[in-house]
Amino acid sequence: MVERRLPRWSELREVIRPRRPSGDGTARRLDRAVTIGDLREIARRRVPRAVFDYADGAAGSEISLRRSREAFERVEFRPRVLRDVSRVDPATTLLGAPAALPLVFAPTGFTRLMHTEGETAVGRVAERVGVPYALSTMGTTSVEALAAVAPGARRWFQLYLWRDREASAALVERALAAGYEALVLTVDTPVAGPRLRDVRNGFTIPPALTLRTMANAAVHPRWWVDLLTTPPLEFASLRSWGGTVAELVDRVFEPAAVLADVRALRASWPGALIVKGILDAEDARAVVDAGADAVVVSNHGGRQLDRSPTPLEQLPGIVAAVGDRAEVYVDGGILDGADVVAAVAFGARACLIGRGYLYGLMAGGELGVQRAADILSREVSRTMQLLGAASVAELTPERVRLRS
Ligand SMILES: Cc1cc2nc3c(=O)[nH]c(=O)nc-3n(C[C@H](O)[C@H](O)[C@H](O)COP(=O)(O)O)c2cc1C
């Protein structure tokens with residue numbers, strides 16, 4: 001029988017520590033998010049359904065996206081012990097310049113749709129954290145405006161090849177003049193992928209209040225007020241548009257692009273050239289032969305060809321094919337710092353992350369993107385400590401395997 005007594009006040013005071021609520025609702029909400037998954041849940045409640053689905057969704061039956069996530073779930077780490085991990089350094093170099101983490105904020109179109117702070121928020125966080133950010137051709141902030149708000153960020157510009165070559169050459173000129181260090185040429189978008197959630201939601205750009213969206217809009221008045229009381233939501237690099245994303249992509253982008261276009265871009269662009277959307281070792285070798293300094297093993301987050309190969313599974317073969325002639329990055333389905341650590345151990349120089357920071361942006365603007373970066377950064381460091389790797393150089397293929 002356990003003897004019972006009444007607790008003393010001093011003992012109660014020790015265990016009851018009500019947290020003083022912070023004044024700001026957004027900060028309070030974000031404080032409660034401990035994973036990117038938590039940010040996703042907040043995001044889902046904060047923005048209209050069509051907006052959330054545009055970011056969260058993928059092409060077709062979304063099999064590629066699910067497989068990317070499953071591949072990361074199949075990762076098994078091989079920790080080593082007694083290796084002094086009191087301090088770990090997750091910093092690396094990308095294209096010869098430092099990055100605080102092996103991480104890059106991926107190009108995402110129409111970012112101000114998620115939150116009016118849009119690309120500005122992402123650029124500022126990239127600058128603060130010390131990782132590169134690739135502004136999209138489909139961005140809603142111009143190359144000049146981003147350079148002005150995040151002058152110290154490592155800024156890359158993502159390019160799609162347009163049917164109108166003069167217009168895309170003019171964009172490249174502007175990126176160069178605005179101090180962008182690298183061009184990211186995306187090559188997996190000859191036509192738009194079938195984004196079925198967008199079709200079902202009647203999603204258009206700019207967003208329209210239709211009968212179908214009206215009911216959902218009523219639940220998210222704050223988002224609509226933000227939209228209607230800030231500068232108009234427009235593509236910064238494209239003429240204004242009043243249709244679906246798929247119609248836009250099919251009208252503007254060049255489905256006839258070939259390797260010679262990569263060579264031509266290499267000849268005209270003095271900075272680093274990164275080719276994004278590679279899933280095949282032969283293709284990787286060919287674009288490196290054509291002058292690419294880096295490739296991104298990517299299926300566009302599952303948003304283009306559904307059932308395309310899974311980037312993490314393709315990574316080792318492409319790293320072997322490219323050797324030390326170019327850097328190899330990977331993206332798709334990364335939602336945890338441990339995913340980043342695993343990808344680096346499998347041979348990636350860095351990971352790109354898209355939805356992960358967009359969930360933060362939808363959840364709370366710049367504060368939310370910062371929260372996403374903090375979560376990922378902490379997870380990277382803790383995973384390295386638990387794995388017994390004090391630096392990214394120690395993240396080698398022996399430290400990971402994919403369970404079958
Ligand atoms: C909402 C959204 C818009 C995107 N827009 C672009 C784009 O304009 N250009 C591009 O190269 N990739 C684009 N991507 C793909 C990302 O750059 C990246 O490859 C992908 O998001 C990685 O997968 P993850 O979102 O699971 O991290 C977009 C992705 C999302 C989620």
Side-chain angles (χ1 to χ4, degrees), residues 36-37 39-40 43 47 50-59 62 64-72 103-115 118-119 122 132-141 156-162 168 171 182-190 192-193 195 197-198 201 203 205 235-238 245-246 248-249 252-253 257 274-279 295-305 308 310-312 329-337 339-340 343 348 350-362 369 372-373 376:
I36 299 292
L39 287 176
R40 178 177 180 271
V47 301
V51 171
F52 180 78
D53 276 349
Y54 168 66
D56 189 67
E62 307 193 352
S64 282
L65 177 59
R66 273 200 301 281
R67 285 183 185 160
S68 287
R69 299 233 164 101
E70 278 160 16
F72 282 109
L103 195 69
V104 175
F105 288 150
T108 56
F110 225 46
T111 311
R112 282 193 51 228
L113 179 73
M114 318 300 160
H115 188 285
E119 289 89 355
V122 188
Y133 171 34
L135 177 68
S136 165
T137 299
M138 314 264 277
T140 38
T141 300
W156 298 354
F157 182 67
Q158 179 266 323
L159 185 76
Y160 287 114
L161 278 178
W162 295 10
S168 65
L171 252 185
L183 266 192
V184 181
L185 177 68
T186 300
V187 293
D188 57 12
T189 311
R195 315 265 172 84
R197 293 201 216 179
D198 294 352
N201 289 329
F203 176 70
I205 285 177
F235 288 115
S237 305
L238 299 170
V245 180
L248 174 74
V249 167
V252 179
F253 298 163
I274 303 162
V275 177
K276 173 171 180 281
I278 296 292
L279 290 165
V295 297
V296 187
V297 181
S298 170
N299 61 20
H300 213 111
R303 297 164 72 83
Q304 285 299 109
L305 175 66
S308 53
T310 303
L312 187 67
Y329 314 144
V330 70
D331 76 12
I334 290 171
L335 291 177
D336 190 304
D339 300 340
V340 177
C351 299
L352 274 63
I353 186 158
R355 295 180 184 86
Y357 77 76
L358 290 179
Y359 295 139
L361 184 65
M362 289 186 275
V369 179
L376 290 165

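Quick caveat, the model's predicted, so the values are computed rather than measured. In listed order, ligands and their atoms are each counted from 1. Counting from 1, the numbers follow the sequence of the chain as shown.
- Side chain of Glu62 to main chain of Gly302: no donor-acceptor pair is present (N/O by atom type, distance under 3.5 Å, no hydrogens or angles).
- For ligand 1, the atoms sitting less than 4.0 Å from at least one non-hydrogen atom of Lys276 are 10 (C), 11 (O), 12 (N), 15 (C), 16 (C), 17 (O), 18 (C), 19 (O), numbered in the order shown with element in parentheses.
- Distances from atom 7 (C) of ligand 1 to the heavy atoms of Tyr54, Tyr329, Phe105, Tyr160 put Tyr160 nearest.
- At distances below 3.5 Å, at least one donor-acceptor pair connects side-chain atoms of Arg355 with backbone N or O atoms of Gly57.
- Going from atom CZ of Arg40 over to atom CZ of Phe52 covers 4.0 Å, rounded to the nearest 0.5 Å.
- Between His300 and ligand 1, at least one N/O pair is under 3.5 Å apart.
- Per-residue contacts place Ala106 under 4.0 angstrom from the following atoms of ligand 1 (heavy atoms of the residue considered): 16 (C), 17 (O), 18 (C).
- The contact set between ligand 1 and Gly354, taken as ligand atoms under 4.0 Å from a residue heavy atom, comprises 21 (O), 24 (P), 25 (O), 27 (O).
- Atom 24 (P) of ligand 1 has as its closest protein heavy atom Arg355 NH1, 3.4 Å.
- Summary of contacts: the protein heavy atom closest to atom 3 (C) of ligand 1 is Gly109 N, 3.4 Å.
- Taking each heavy atom of Glu119 and Leu135 in turn, the nearest pair found is CG-CD1, 3.5 Å.
- A cation-pi contact, defined as under 6.0 Å to the ring centre and within 45° of the axis, links Arg303 to Tyr54.
- Polar contact check, Thr108 against ligand 1: no nitrogen or oxygen pair lies under 3.5 Å apart.
- Ranking protein heavy atoms by distance to atom 19 (O) of ligand 1, first place goes to Asp331 OD2, 2.6 Å.
- Of the candidates Gln158, Arg303, Gln304, Arg303 brings a heavy atom nearest to atom 31 (C) of ligand 1.
- Contact annotation for Pro107 and ligand 1: heavy atoms of both the backbone and the side chain come within less than 4.0 Å of the ligand.
- Ser308 places no side-chain N or O within donor-acceptor distance of the main-chain N or O of Asn299, the cut-off being under 3.5 Å.
- With ligand atoms numbered from 1 in the order given, ligand 1 contributes 8 (O) to contacts under 4.0 Å with heavy atoms of Met138.
- Here is the list of ligand 1 atoms found below 4.0 Å of a heavy atom in Gly333: 23 (O), 24 (P), 26 (O).
- Of all atoms in ligand 1, numbered sequentially from 1 with element shown, those under 4.0 Å from a heavy atom of Ser298 are 19 (O).
- Here the straight-line distance linking atom CG of Leu113 with atom CE of Met362 works out to 9.0 Å at 0.5 Å rounding.
- With a heavy-atom cut-off of 4.0 Å, Thr137 does not touch ligand 1 at all.
- Those atoms of ligand 1 that come under 4.0 Å of a heavy atom in Ala55, given as number and element, are 1 (C), 31 (C).
- Here the heavy atom of the protein found nearest to atom 11 (O) of ligand 1 is Thr186 OG1, 2.7 Å.
- Distance alone, capped at 3.5 Å, is enough to place a donor-acceptor pair between the Tyr357 side chain and the Ala106 backbone.
- In this structure, the protein non-hydrogen atom closest to atom 8 (O) of ligand 1 is Ser136 OG, 2.7 Å.
- Here the straight-line distance linking atom OG1 of Thr186 with atom NE2 of His300 works out to 6.5 Å at 0.5 Å rounding.
- Expressed to the nearest 0.5 Å, how far OH of Tyr359 lies from CG of Leu335 amounts to 6.0 Å.
- No side-chain donor-acceptor contact under 3.5 Å links Thr310 to the backbone of Ser68.
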